[in-house]
Amino acid sequence: MAFEGLSDKLSAAFKKLRSKGKLTEADVKEAMREVRLALLEADVNYKVAKDFIASVTEKAIGSQVLESLTPAQHVIKIVNEELTALMGSEQARINISSKIPTIIMMCGLQGSGKTTHSGKLALHFKKQGKRPLLVACDIYRPAAIEQLKVVGGKVDVPVFEMGQADPVEIARKAVAYAKDYGRDIVILDTAGRLHIDEELMAELQRVKAEVKPDEILLVLDAMTG
Ligand SMILES: Nc1nc2c(ncn2[C@@H]2O[C@H](COP(=O)(O)OP(=O)(O)OP(=O)(O)O)[C@@H](O)[C@H]2O)c(=O)[nH]1
Ligand SMILES: [Mg+2]
């Protein structure tokens, strides 16, 4: 969500580039100025944006690119690749433990996107050749288990659930299940909660104490600011 405006602005910069046909170094620099502005407006760190632009510009004004038949296409491809590398290195920070399974616990306020992001993470790991398991620890919202199953179904990742059982118990059994069935990443989708909800916060603590997650991800709505 944070990058919604970014993609529109990048598209605009690229459109101008595409309309040019043959490109000069100045055209590329002009486009990169717009890309840089777009990144800064999307709250990308100043230094990150500067390094990003320097690296893309260096690659993009190479003679091979400018003299190719579709220079604009080339430049866009470079921006894409570099952006992916930039975002990719961000994700690599997830702590993959040496013991199996790696346990990831999703936490956050109600409706912040935990369930959606659990599915995205599962897909991300699946693409890396891993075998994730989604776990329905949200027993409070009636449709939560069903929702996780839909999410899991879309990315073809199994969902472990025990209905309305104790989330601590569900987490523990899910980890045992993962060990038995060779699932190397366990993603715990917990119930959304308000920080003032002491009972639910205590439950998170208990789940944490029980399964000792390798990573606890706090999911936030980008609009929170
Ligand atoms: N635009 C946008 N919508 C999102 C994103 N992630 C989730 N949503 C939507 O936000 C709503 C809540 O997402 P969920 O994944 O169910 O959030 P949750 O944290 O699991 O919610 P609870 O389990 O009720 O606490 C859904 O309607 C999602 O479709 C996102 O990255 N962008
Ligand atoms: Mg949810």
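Quick note: residue numbers are just sequence positions, from 1. Counting starts at 1 for both ligands and their atoms, following the listed order. The figures that follow rest on heavy atoms only: side chains count, while hydrogens, waters and symmetry mates do not. The model shown is predicted, which means the values in this text are computed figures rather than measured ones.
Residues L23 and I78 fall within the same hydrophobic cluster, defined by Ile, Leu, Val, Met, Phe, Trp and Tyr side chains chained together at heavy-atom separations under 4.5 Å. Following chains of ILVMFWY side-chain contacts shorter than 4.5 Å, one cannot reach L123 starting from V151, and the two form parts of different hydrophobic clusters.
Between the side chains of Q110 and Y140, no donor-acceptor pair of N or O atoms lies under 3.5 Å. A donor-acceptor contact closer than 3.5 angstrom is absent between the side chains of D8 and S11.
Between S112 and ligand 1 there is a heavy-atom distance shorter than 4.0 Å.
Contact annotation: T115 places an N, O or S atom under 2.8 Å from the Mg ion (ligand 2).
Atoms of ligand 1 found under 4.0 Å from any heavy atom of T116 (numbered from 1 in listed order, with element): 6 (N), 7 (C), 13 (O), 14 (P), 15 (O), 28 (C). Residue contact check: Q147 has heavy atoms under 4.0 Å from atoms 14 (P), 16 (O) of ligand 1. The atoms of ligand 1 that sit less than 4.0 Å from any heavy atom of Q110 are 25 (O). Of all atoms in ligand 1, numbered sequentially from 1 with element shown, those under 4.0 Å from a heavy atom of G192 are 25 (O). Against a heavy-atom cut-off of under 4.0 Å, T115 is close to the following atoms of ligand 1: 15 (O), 18 (P), 20 (O), 23 (O).
By the 4.0 Å N-to-carboxylate-O rule, E81 lies too far from K59 to be salt-bridged with it.
Partners of Y181 under the ring pair (Phe, Tyr, Trp, His ring centres under 6.0 Å) rule, at least two apart in sequence or in another chain, are Y177.
Every N/O-N/O distance between A191 and ligand 1 stays at or above 3.5 Å. Polar contact with ligand 1: absent for D189 (N/O pair, distance under 3.5 Å).
For the atom pair OG1 (T116) and CE (M106), the distance works out to 9.5 Å, reported to the nearest 0.5 Å. Between atom CD1 of residue I145 and atom CD1 of residue I139 there is a gap of 8.0 Å, rounded to the nearest 0.5 Å.
When heavy-atom distances to ligand 1 are checked against a 4.0 Å cut-off, H117 has no atom that comes that close, whether in backbone or side chain. In D138, the part holding a heavy atom less than 4.0 Å from any atom of ligand 1 is the side chain.
With A144, A143, C107, G111 as candidates, the residue nearest to atom 10 (O) of ligand 1 on a non-hydrogen basis is G111.
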